[in-house]
*Asks:* 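Sharing a structure with you now.
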Amino acid sequence: MLVMSKYKVLFVAQEIVPYMNDSHMGQICRSLPQGIQEKCCEIRTFMPRYGSINERRNQLHEVIRLSGMNLIIDDTDHPLIIKVASIQSARLQIYFIDNEDYFKRKSVFTDKNGVFFQDNDERAIFYARGVIETIKKLGWAPNIIHVHGWFSSLIPFFIKTTYKNNPLFSDTKIVCSIYDDDFKQLFDKNFIKKLKHENVTEKELKHYKTCNYVGLMKGAIDFSDAIVIGSEKINPELMTFAKKTRKPFLGYQPKDKFIDAYSDLYDELVDELINEDAVK
């Protein structure tokens with residue numbers, strides 16, 4: 001039977017200060033893991049190793065025992081490289097997902113002329129699968145997975161489809177934070193093909209067929225167990241869609257209250273896990 005006095009939380013971030021320029025999302029993803037860790041929870045935190053991150057200044061180093069796997073996307077092998085760094089003042093360790101093809105470039109999502117990278121769909125797929133495969137290698141079973149930003153938003157899809165029978169995630173609830181990080185461009189037209197595998201039904205792919213931001217985030221909402229509004233204003237279509245799901249829902253929280261509010265939500269979801277386990 002599942003009994004927890006101290007549970008495990010996995011944070012999957014699109015950006016974290018100080019590794020990226022200061023932003024609201026980056027500050028949330030910097031402060032939240034520290035705050036939850038200080039409440040005696042066990043945590044792991046991931047972000048992409050964008051090419052703009054200075055490895056020497058931030059003291060990133062590769063974890064050889066976690067690296068070396070190849071992830072196949074659209075019939076092409078892509079080596080998974082795992083690096084770590086620490087924010088000493090917060091006693092936080094950050095895991096970075098890296099790959100030469102997807103993350104060596106110096107820009108994040110657009111080139112120097114502001115053009116959306118054509119392979120951003122593959123980069124998001126690689127990031128999500130890279131995080132999950134690394135957690136599998138660590139043998140660390142999270143009770144809560146909290147994803148932040150569109151670049152992390154395929155985690156719920158993969159957990160609930162590709163990895164749904166993996167016992168590591170049998171006692172896991174997923175929280176999705178929605179921010180004001182809309183993009184207007186479309187993903188590659190073969191996005192659906194890249195997501196497809198034998199465990200996925202056409203119904204589960206329905207939102208992703210739009211190849212756009214709203215469809216991507218609707219998919220994340222559908223596959224998550226709770227929704228958090230991370231910015232004061234978000235896409236109104238997504239706000240309406242999230243509320244209609246009737247899933248646990250947490251509205252936007254001010255800076256001085258969000259850690260406690262998120263912690264209370266995690267407690268609620270862990271209580272659900274315990275109750276679900278009791279009736280099995």
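Both backbone and side-chain heavy atoms feed into the values below; hydrogens, waters and symmetry mates do not. These numbers come from a predicted model, not from an experiment.
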*Asks:* Indicate yes or no: at least one non-hydrogen side-chain atom of K137 is less than 4.5 angstrom from one of M69.
*Replies:* yes
*Asks:* Are any non-hydrogen side-chain atoms of E122 and K194 less than 4.5 angstrom apart?
*Replies:*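 Answer yes - side chains close enough.
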*Asks:* Please test L10 against I43 for side-chain contact (heavy atoms from CB on, under 4.5 Å), starting from the C-alpha separation and ending with a verdict.
*Replies:* CA-CA 6 Å; L10 169 62; I43 70 158; over 6 Å; no
*Asks:* Tell me which one of V228, I28, I229 satisfies side-chain contact (heavy atoms from CB on, under 4.5 Å) with S177.
*Replies:*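 Of V228, I28, I229, side-chain contact (heavy atoms from CB on, under 4.5 Å) with S177 is met by V228 alone.
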*Asks:* State, with a plain yes or no, whether a side-chain heavy atom of D98 is found less than 4.5 Å away from one of E55.
*Replies:*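 SC-SC contact between D98 and E55 confirmed.
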*Asks:* Hey, what's the ring geometry for Y50 with F151, parallel, tilted or perpendicular (30° and 60° as the breaks)?
*Replies:* tilted
*Asks:* Does CG belonging to N21 count more than 12 external heavy atoms closer than 6.0 Å?
*Replies:*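 Atom CG in N21 is not crowded, with 12 or fewer foreign heavy atoms closer than 6.0 Å.
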*Asks:* Which atoms form the tightest heavy-atom contact between A220 and C176, and what is the distance?
*Replies:*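 Looks like CB-SG, 3.9 Å.
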*Asks:* Kindly say whether Q93 contributes a backbone atom to a donor-acceptor pair with the side chain of S86 at under 3.5 angstrom?
*Replies:*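 Not at all, since once roles are kept as given, no pair shorter than 3.5 Å links the two residues.
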*Asks:* Please check: side-chain N/O of T45 versus main-chain N/O of F11, any donor-acceptor pairing under 3.5 Å?
*Replies:*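 Checking the backbone N and O of F11 against the side chain of T45, no donor-acceptor pair under 3.5 Å is found.
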*Asks:* Which one of K247, R246, K160 satisfies the salt bridge (charged side-chain N to carboxylate O under 4.0 Å, His left out) criterion with D225?
*Replies:* K160
*Asks:* In terms of relative ring orientation, are F258 and Y262 parallel, tilted or perpendicular, with 30° and 60° separating the classes?
*Replies:* perpendicular
*Asks:* Taking I53's backbone N and O only, do any of them form a donor-acceptor pair with R57's side chain (distance below 3.5 Å, no angle check)?
*Replies:* no
*Asks:* May I ask you to decide if N166's main-chain N or O and S170's side chain share a donor-acceptor pair within less than 3.5 Å?
*Replies:*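 Looks like no, no N/O pair under 3.5 Å.
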*Asks:* Is a donor on one side and an acceptor on the other found under 3.5 Å between the side chain of S23 and the backbone of G26?
*Replies:*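 Yes, S23 side chain to G26 backbone: donor-acceptor pair under 3.5 Å.
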*Asks:* Check whether the side chains of N212 and T210 place a donor and an acceptor atom closer than 3.5 Å, and report yes or no.
*Replies:* yes
*Asks:* Angle class for the F157/Y208 ring planes (parallel below 30°, perpendicular above 60°, tilted otherwise)?
*Replies:* perpendicular
*Asks:* For the residue pair H207 and F223, is the inter-centroid distance of their aromatic rings smaller than 6.0 Å?
*Replies:*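 Between F223 and H207, which both carry aromatic rings, the centre distance is not below 6.0 Å.
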*Asks:* Is there side-chain contact between I36 and S263, with at least one heavy-atom pair below 4.5 Å?
*Replies:* yes
*Asks:* Could you tell me whether the side chain of N235 reaches within less than 4.5 Å of the side chain of M217, counting heavy atoms only?
*Replies:* no
*Asks:* Is the closest side-chain donor-acceptor distance between H24 and Y179 under 3.5 Å?
*Replies:* no
*Asks:* Less than 4.5 Å apart, any side-chain heavy atom of I159 and any of I174?
*Replies:*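 Yes, at least one pair of side-chain atoms sits under 4.5 Å.
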*Asks:* Decide yes or no on salt bridge (Lys or Arg N to Asp or Glu O under 4.0 Å) for K196 and E204, but give the supporting numbers first.
*Replies:* CA-CA 10 Å; K196 272 186 178 177; E204 289 169 331; over 6 Å; no
*Asks:* Between N143, D171, D267, which is the residue that forms a side-chain hydrogen bond (donor to acceptor under 3.5 Å, both in side chains) with Y7?
*Replies:*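 Among the candidates, only D267 passes.
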*Asks:* What I want to find out is whether R129 reaches E133 closely enough, with some N-O distance under 4.0 Å, to be called a salt bridge.
*Replies:*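 Salt bridge: no.
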*Asks:* Can a donor-acceptor pair be found, under 3.5 Å and without considering hydrogens, that links the side chain of N190 to the backbone of K193?
*Replies:*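 Between the backbone of K193 and the side chain of N190 there is no qualifying donor-acceptor contact (under 3.5 Å).
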*Asks:* Tell me if the centroids of the rings in F109 and F117 come within less than 6.0 Å of each other.
*Replies:* no
*Asks:* Is there side-chain contact between I97 and P48, with heavy atoms separated by less than 4.5 Å?
*Replies:*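 No, their side chains stay 4.5 Å or more apart.
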*Asks:* Run D260 and K39 through salt bridge (Lys or Arg N to Asp or Glu O under 4.0 Å) and show every step you take.
*Replies:* CA-CA 10 Å; D260 287 339; K39 291 179 180 289; 2.8 Å; yes
*Asks:* Is the ring centre of Y213 less than 6.0 Å from the ring centre of W150?
*Replies:*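 Not under 6.0 Å, so no.
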*Asks:* With I192, which of D121, V200, L205 fulfils side-chain contact (heavy atoms from CB on, under 4.5 Å)?
*Replies:* L205
*Asks:* For this output row, return yes or no: ring centroids of Y19 and F96 closer than 6.0 angstrom.
*Replies:* yes
*Asks:* Should the pair R30-E15 be classified as a salt bridge under the 4.0 Å nitrogen-to-oxygen rule?
*Replies:* no
*Asks:* Are N99 and L80 side-chain neighbours, meaning at least one heavy-atom pair lies under 4.5 Å?
*Replies:* no
*Asks:* For N58 and L60, indicate whether the former's side chain and the latter's backbone hold a donor-acceptor pair under 3.5 Å.
*Replies:*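 Here the side-chain-to-backbone pair does not exist.
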*Asks:* Return yes if some donor-acceptor pair links the side-chain N/O of Q37 with the main-chain N/O of R91 below 3.5 Å, else return no.
*Replies:*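 Side chain of Q37 to backbone of R91: a pair is present.
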*Asks:* Students often mix this up, so state it plainly: with edges at 30° and 60°, are the rings of Y163 and F158 parallel, tilted or perpendicular?
*Replies:*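 If you compare the ring of Y163 with that of F158, the planes turn out perpendicular.
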*Asks:* Count the heavy atoms belonging to other residues, nucleotides or ligands that lie under 6.0 Å from NZ of K209, then report whether that count exceeds 12.
*Replies:*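 For K209, atom NZ is crowded (more than 12 foreign heavy atoms under 6.0 Å).
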